Amino acid sequence: MTRRIISPCVGLCSTTVGDDVCRGCQRHADEIRDWPAYDFDERDLRLVELDTLRVAVAGELLRVVDADMLKAQLERHGIRHRDDQPPLSQAVELLRVGRHRISDLSRYGLETVGEGAGLAAADLHAMLVPRLMEAAEARRLSSI
């Protein structure tokens, strides 16, 4: 049986404009370059690392109250996600794509917490991105 190659790429690669870490998928440039050469176990490990990073960062600002509702909305709007992806990691994808169209996060099974409490989706995403980039850069530096 052939296993499909899964990539965290979201088609928004900022490494092409000079970033060491991609703003879209949070992988570092070397990791993006080498992804096709990784075996399935290595890809799986790195996907877990990326999901763990997203869950840790997003969890400071956001909470999933209904994972089924979140998944249904992702599917309804055609937002790329993996079935095995943790809901908070999926929520990062939702905010990336829909931040300007979402007026009520509760309709997506989400609620804001901590410093994110009460923020609109676009503002929440604006707060989330630099934190994701900082965590992704720390991950990159730890792998050098």
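As the structure is a computational prediction, the values presented were derived from the model and not from experiment.
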Closest approach of Cys9 to Arg27 (non-hydrogen atoms, all atoms of both residues): CB-NH2, 3.7 Å
Single-linkage hydrophobic cluster Leu70~Leu119, side-chain heavy atoms < 4.5 angstrom: yes
Cluster overlap Val21 with Val57, hydrophobic side-chain contacts below 4.5 Å: no
Electrostatic pair Asp30:Arg33 at N-O distance under 4.0 angstrom: yes
Single-linkage hydrophobic cluster Leu128~Leu50, side-chain heavy atoms < 4.5 angstrom: no
From CG (Asp123) to CZ (Arg99), nearest 0.5 Å: 11.0 Å
Test applied, side-chain hydrogen bond (donor to acceptor under 3.5 Å, both in side chains); reference residue, Glu93; option that passes from His81, Arg54, Gln85, Arg80: Arg54
Derivation of the side chain to side chain contact (heavy atoms under 4.5 Å, CB included) call for Val64 and Leu110: CA-CA 5 Å; Val64 176; Leu110 303 171; 3.6 Å; yes
Single-linkage hydrophobic cluster, 4.5 Å side-chain cutoff, Leu95 and Val129 together: no
Sidechain N-carboxylate O distance under 4.0 Å for Glu134, Arg131: no
Gap separating the OH atom of Tyr108 from the CD1 atom of Ile102, nearest 0.5 angstrom: 5.0 Å
Atom of Gly24, atom of Arg96 and distance for their closest heavy-atom approach: O-CD, 4.4 Å
Rounded distance [0.5 Å steps], CG in Leu47 versus CH2 in Trp35: 4.0 Å
Verdict with supporting geometry, Thr52 and Glu49, side chain to side chain contact (heavy atoms under 4.5 Å, CB included): CA-CA 5 Å; Thr52 300; Glu49 288 176 2; 5.7 Å; no
Nearest-0.5 Å distance that lies between atom CD in Gln26 and atom CD in Glu31: 10.5 Å
Gap separating the OG atom of Ser7 from the CD1 atom of Ile32, nearest 0.5 angstrom: 8.5 Å
Closest contact, heavy atoms only, Gly59 versus Leu88: CA-CD1, 3.7 Å
Gap separating the CD atom of Glu115 from the CG atom of Leu124, nearest 0.5 angstrom: 11.0 Å
Cluster link Met133 to Leu61, ILVMFWY, side chain under 4.5 Å: no
Residues Ile79, Gln90; criterion side chain to side chain contact (heavy atoms under 4.5 Å, CB included); working and verdict: CA-CA 9 Å; Ile79 297 172; Gln90 292 175 341; over 6 Å; no
Presence of salt bridge, Glu137 and Arg140, under 4.0 angstrom: yes
